[in-house]
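Written out below as structure tokens is the structure these notes cover.
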Amino acid sequence: FGFIHESIRQLICRNYGEETWLQVLEKSGFENGKENIVNHYYSDTDTYVLVDSVSLVIKVTKDQVWEMYGAFLITYSMEIGWDELVRSMSPNLKGFLDNLDSLHYFIDHVVYKANLRGPSFRCEETSDGSLLLHYFTGRPGLYHIVKGVVREVAKRVFDLDINLIVQGRTQRSVHMNNGERVEEHVVFLIKNVGEPRRDSEGSEMSLLTSTNANFPEILDDTLGMSLSDFSRALPYHFIIDESCKLVQCGSELHNHIPNELLQPGTPILRIFEINRPQIPLDFENICNFINAVFVLQVKTSPLKKRHMDAMNQEELKEEMDALDEDPSNELTQGHHLKLKGQMMLLSSKKYIIYLCSPYVTSINELMQYGMRLTAMPLHDATRDLILLNQQRLTDVEVNLQLEANNEQLDSMTKELELERQKTDSILRDMLPKRIAQQLLSGEHIEACEHEATVMFCDLPAFQQTIPQCPPKDIVNMLNDIFRKLDRIIVIRGVFKVETVSDSYMAVSGIPDYTPEHAENMCHVALGMMWEARSVVDPITKTPFLLRIGLHSGTIIAGVVGTKSPKYCLFGETVTLASQMESQGMAGKIQCSKWTYQKAMETGRFEFSLRGRIPVNQRGQTETYFLTRSLKKSIWEIIDHERDVNVNSIEGYEELETSIENVTIKSAIRPDQRHSAACTIS
């Protein structure tokens with residue numbers, strides 16, 4: 001079991017350091033971290049290889065390693081939470097060793113729910129007050145572990161200084177249902193070499209052996225109860241003789257085993273199969289493992305019992321002969337009652353009594369064996385165990401339902417969170433980031449005045465394209481263009497206000513003011529002009545040319561609406577920017593003189609003077625055409641790698657050439673553009 005490997009690792013790391021353990025792993029071929037998985041099963045070969053490697057690295061014998069491990073196992077186990085249990089097992093060393101088998105059973109079946117093959121211990125007291133410890137194991141050669149364990153327990157728990165001598169060591173071959181194995185029997189002589197202890201009253205007390213109680217003399221040894229009373233008091237017991245033949249049994253066994261099999265003199269092997277410990281079911285082995293928890297399974301199923309009870313004598317004889325020929329065939333059919341308890345050698349040393357209860361832990365198991373709670377005596381704790389376990393199973397079922405509900409709630413919460421994230425993402429796309437965050441936080445958004453640069457752009461050729469293209473192609477074409485324009489908007493960090501039909505509106509400098517708002521918008525306009533030329537007009541087969549207008553000034557900005565909130569811009573600046581676009585020319589970026597002045601304050605651009613044009617409410621206004629940036633190349637603006645074999649260094653030559661190769665369309669009036677939008681609708 002992996003706990004053994006972890007104990008060895010702790011032993012080496014504490015006494016020799018981490019580097020030594022890494023050397024052990026390298027020599028044994030284990031991958032670091034894979035050698036000590038606590039609940040993992042490792043083959044015996046893996047453990048032997050690990051111990052061999054430890055022996056070679058720290059330069060001690062394997063027997064010394066095993067003895068060191070045995071001592072450290074007690075230390076480590078008590079450190080990690082077993083201290084109280086170990087100290088509460090017995091007031092003396094003999095009782096502790098005699099109860100090790102039951103402790104192994106508890107660790108095996110309750111703690112780890114495993115099926116481990118552990119050793120067995122049995123103590124005998126000698127006339128001089130020393131102990132003979134009988135150690136039985138199916139793994140020969142590991143008795144040095146016992147030496148370390150016993151010495152450390154004696155020292156830590158009972159404060160004893162003991163001398164441990166191997167008195168004898170034998171091996172024999174044992175035949176089991178699953179094959180043959182070698183069993184080793186080692187006898188240790190344990191002597192206390194320290195001073196005897198005294199209790200609080202000053203009398204000597206033994207921490208090594210048990211103290212015999214002073215029972216009053218029994219004048220009449222006649223048992224004051226009949227065999228029938230005894231059979232009812234212990235309804236599942238049985239007694240066997242030295243030949244392992246049945247002598248007597250409890251009354252309840254007749255409800256699970258055919259009457260013919262419960263006759264005195266029946267070999268116990270006909271009636272039961274031994275599940276634990278894994279030993280042959282004979283008198284000598286039972287005595288050797290007398291301190292172990294014994295689990296026996298009835299060979300006949302309830303159906304077989306009813307069938308045999310209904311047979312006549314001749315049929316019963318044939319059935320018994322068949323059982324002798326193949327005693328294991330019944331275990332594959334139906335539910336077979338299991339019994340769990342202890343074997344006790346009676347004072348005559350010729351008989352063994354098995355004191356037990358049905359190995360049943362739930363109402364469901366009870367019903368499978370055709371039993372009811374009344375089958376358990378009131379003094380038997382199994383009755384309480386079944387009821388408590390039934391309550392536990394009910395609690396487990398409720399907890400499982402709660403866990404399922406919690407998982408469903410968690411799943412719904414995650415789905416809601418994903419939907420919320422989608423909604424928040426859409427809101428952040430519709431509004432500037434700071435404004436969106438304020439709305440999500442529940443803050444009130446006040447309308448504010450800003451200095452900013454507003455841009456409008458459209459496709460002058462779009463109105464001629466609409467009547468000659470299917471609606472689906474028009475939508476796909478606009479989507480292609482706007483997707484490219486949106487990419488430039490994101491790269492340059494300006495805010496897209498809205499799109500109506502083929503018209504695109506953006507603003508730079510809000511809600512967070514930046515002195516470079518005009519410079520940024522000029523770069524956006526150049527990038528958009530470049531990107532639009534990659535989309536071809538399906539009618540004229542020429543690249544689309546944008547018509548762009550820019551104006552800088554004061555605007556009012558605020559959130560309008562609650563269901564579908566929009567960040568809207570108001571003021572003369574918006575109107576003038578729209579007129580810069582509507583009175584512009586395809587393939588040109590027209591800027592007002594205010595945008596021209598602001599852009600030149602922070603950036604370096606090349607403008608060409610267009611002259612004065614009539615503007616509503618402003619009269620004749622001076623305007624400029626933006627041709628290039630002297631600060632950034634086209635490749636920097638659009639964030640694309642330049643093909644050194646094809647493209648010029650700045651990229652503006654290609655832009656100007658492509659514009660010149662396309663027929664410049666006349667400017668389109670705003671009312672025509674809105675008419676085109678209505679046509680699409």
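Please read these numbers as outputs of a predicted model, since none were measured by experiment.
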Parallel, tilted or perpendicular: which fits the ring planes of Tyr354 and Phe294, with parallel below 30° and perpendicular above 60°?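 The arrangement is perpendicular - the two ring planes meet at more than 60°.
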Parallel under 30°, tilted from 30 to 60°, perpendicular over 60°: which one fits the rings of Tyr69 and Trp66?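 Tyr69 and Trp66: perpendicular rings.
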Salt bridge between [X] and [Y], side-chain N to carboxylate O under 4.0 Å?
X	Y	result
Glu242	Lys350	no
Lys155	Asp161	no
Arg14	Glu79	yes

Please tabulate, for side-chain N and O atoms in residues 162-170, each donor-acceptor pair with protein atoms closer than 3.5 Å (sequence neighbours left out).
{"residue": "Arg169", "atom": "NE", "partner": "Glu184", "partner atom": "OE2", "Å": "2.6"}
{"residue": "Arg169", "atom": "NH2", "partner": "Glu184", "partner atom": "OE2", "Å": "2.9"}

Does any donor atom in the side chain of [X] or [Y] lie under 3.5 Å from an acceptor atom in the other side chain?
X	Y	result
His134	Glu124	yes
Asp44	Thr47	no
Asp380	Thr382	yes

Run Phe188 and Leu97 through side-chain contact (heavy atoms from CB on, under 4.5 Å) and show every step you take. CA-CA 12 Å; Phe188 299 93; Leu97 296 173; over 6 Å; no
Please find out if less than 6.0 Å separates the ring center of Tyr143 from that of Tyr135.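 Judged by ring-centre distance (under 6.0 Å), Tyr143 and Tyr135 do not meet the cut-off.
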If you look at every heavy atom in Val360 and Glu365, which pair is closest and at what distance?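 Shortest heavy-atom separation between Val360 and Glu365 comes out as CA-OE1, 3.5 Å.
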For Arg383, all residues meeting side chain to side chain donor-acceptor pair (under 3.5 Å), sequence neighbours excluded: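 Residues passing side chain to side chain donor-acceptor pair (under 3.5 Å) with Arg383: none at all.
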